[in-house]
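Convention: sequence-line order gives letters A, B, ...; per-chain numbering from 1. It should be emphasised that the depicted structure is a prediction, and the values quoted were computed from it without experimental measurement.
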2 protein chains.
Amino acid sequence: MKWDTLDEEPCSLSRTVAVVGDRWTLLILRECFLRVRRFEGFQSSLQITRHLLSERLKKLVRFGILRRVPYSEAPKRYEYILTQKGLDLYPIIMAMVHWGDTHMGDERGRPLLHEHKNCGKLFDPVMVCSECGEPLHAKQVHVHAGPGRKEAVG
Amino acid sequence: MKWDTLDEEPCSLSRTVAVVGDRWTLLILRECFLRVRRFEGFQSSLQITRHLLSERLKKLVRFGILRRVPYSEAPKRYEYILTQKGLDLYPIIMAMVHWGDTHMGDERGRPLLHEHKNCGKLFDPVMVCSECGEPLHAKQVHVHAGPGRKEAVG
DNA sequence: GTTTGACAGTTCTATTTTAGAACTATAGCC
DNA sequence: GGCTATAGTTCTAAAATAGAACTGTCAAAC
């Protein structure tokens with residue numbers, strides 16, 4: 001597989017996988033959503049090798065998920081802030097957390113609880129249809145080839 | 001990182017990443033949701049090496065995402081069917097597809113369109129709060145340590 | 001004014017994973 | 001017997017990751 005052009009495949013899943021489809025990247029993003037911003041912060045909480053962390057942060061910046069922002073001029077120091085494109089990954093992360101809560105739990109109970117500030121309650125994320133608002137299930141969805149697929153296939 | 005025990009970390013994201021946190025696994029799951037079930041089917045549509053495909057299918061069966069079901073007795077042939085645990089991965093896949101549609105699109109338009117059979121319309125998936133039904137955004141969520149975290153940390 | 005420590009990386013070698021291709025095994029069909 | 005289909009396994013080469021040490025800048029402590 002040519003992983004270097006995966007982000008140009010005529011498949012939105014492939015394109016997303018090209019960006020966030022590896023273990024370290026997903027764990028780094030978890031830390032981002034937990035408000036970690038600095039190299040040493042990621043490194044110490046994840047125990048990732050510095051080499052790979054450096055590599056992954058560069059990639060996330062290159063794809064516009066993180067912005068490298070200086071927070072000190074001398075010495076030059078940067079922190080990594082989620083862009084809007086990065087913040088929009090939240091449903092993916094939350095969907096993964098929720099699946100883990102549901103299917104990979106143990107007797108100790110949930111590791112984290114999530115409170116929705118708007119309503120003040122502890123919640124679970126639910127995926128619904130943008131048109132009718134009903135919860136979505138795989139078997140209720142029919143897939144059609146869109147223009148981007150038809151053009152690519154010929 | 002000890003990837004072999006990632007599924008026991010006191011973090012639901014880590015546990016999910018342990019199961020679906022690599023590129024091939026995510027692409028295999030895409031095919032599953034597109035109704036692919038057989039070894040040759042996965043292999044030819046993904047161009048994955050047979051070795052890795054075999055490896056990943058075993059892992060997905062081991063984690064209870066797929067069930068290996070015989071469809072021919074002589075010679076013994078099996079197909080791989082999503083379990084309920086596997087079907088529950090749908091929000092993750094759809095969240096990724098939607099992010100790709102939104103942020104990784106090109107001038108050719110969307111590769112796939114999704115129709116919700118219940119309401120008959122083309123839709124996008126939206127993640128909402130289980131309690132108030134409002135769409136969720138990262139900045140509106142406050143995270144608390146749950147019992148599983150507290151016990152693990154001490 | 002030299003040492004220590006914090007931070008943000010880079011460089012190096014050893015190990016593990018993945019790619020790519022060939023091979024094995026069972027059975028139906030001609 | 002020879003050909004094809006399916007579902008794998010085995011092998012070697014290439015690529016990615018782990019783990020540790022090293023670099024460079026500056027502030028603060030001694």
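Under the 4.0 Å criterion applied to side-chain N and carboxylate O atoms, A/Glu79 and A/Arg38 are assigned as salt-bridge partners. Under 4.0 Å is where a charged nitrogen must lie from a carboxylate oxygen, and between B/Arg15 and B/Asp7 no such pair does.
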Dump every N/O contact between nucleotides 11-18 of chain D and the protein below 3.5 Å, one line per pair.
residue, atom, partner, partner atom, Å
D/dT17, OP1, A/Arg56, NH2, 2.9
D/dA18, OP1, B/Trp3, NE1, 3.2
D/dA18, OP2, A/Trp24, NE1, 3.0

Can you give me the N/O atom pairs linking the protein to nucleotides 24-26 of chain D at distances under 3.5 Å, or say none if there are none?
residue, atom, partner, partner atom, Å
D/dT25, O2, A/Arg77, NH2, 3.2

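A side-chain donor from one of A/Arg30 and B/Ser14 sits under 3.5 Å from a side-chain acceptor of the other. Checked by atom type, the side-chain pair B/Glu115/A/His144 shows a donor-acceptor distance below 3.5 Å.
Remark: C1' of D/dA7 and CG of B/Leu53 are 10 Å apart, rounded to the nearest angstrom. In this entry the distance linking CZ of A/Phe39 with P of D/dT23 reads 17 Å, nearest Å. Distance A/Ile28 CD1 to C/dG9 P: 12 Å, rounded to the nearest Å. Atom CZ of A/Arg37 and atom C1' of C/dA8 are 17 Å apart (whole Å). Following rounding to the nearest Å, A/Gln43 (CD) and C/dG9 (P) show an atom-to-atom distance of 12 Å.
Distances shown here put every side-chain N or O of A/Ser54 at or beyond 4.0 Å from the OP1 or OP2 atom of C/dG9. For A/Tyr80 and C/dC7, the shortest distance from a side-chain N or O to OP1 or OP2 is not below 4.0 Å. Distances shown here put a side-chain N or O of A/Lys58 below 4.0 Å from the OP1 or OP2 atom of C/dT10.
No side-chain donor-acceptor contact under 3.5 Å links A/Ser130 to the backbone of B/Val126.
Taking the ring axis of A/Phe39 as reference, the NZ or CZ atom of A/Arg77 does not stay both within 45° of it and closer than 6.0 Å to the ring centre. Relative to the ring axis of B/Tyr71, B/Arg37 does not place its NZ or CZ within 45° and under 6.0 Å from the centre.
Counting distance only, with no hydrogens placed and no angle test, the side-chain atoms of A/Arg50 and the base atoms of C/dA8 include a donor-acceptor pair under 3.5 Å.
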Would you be so kind as to tabulate the donor-acceptor pairs closer than 3.5 Å made by side chains of residues 58-68 of chain B, with sequence neighbours excluded?
residue, atom, partner, partner atom, Å
B/Lys59, NZ, B/Ala18, O, 3.2
B/Arg68, NE, B/Tyr80, OH, 3.2

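Between D/dG8, C/dT10, C/dA8, one nucleotide has an atom nearer to the side chain of B/Arg68 than all others, and that is D/dG8.
The CG atom of A/Asp88 sits 10.0 Å away from atom CG of A/Leu82, with the distance rounded to the nearest 0.5 Å.
Counting any heavy atom pair closer than 4.0 Å across all strands shown, B/Phe42 reaches no nucleic acid atom.
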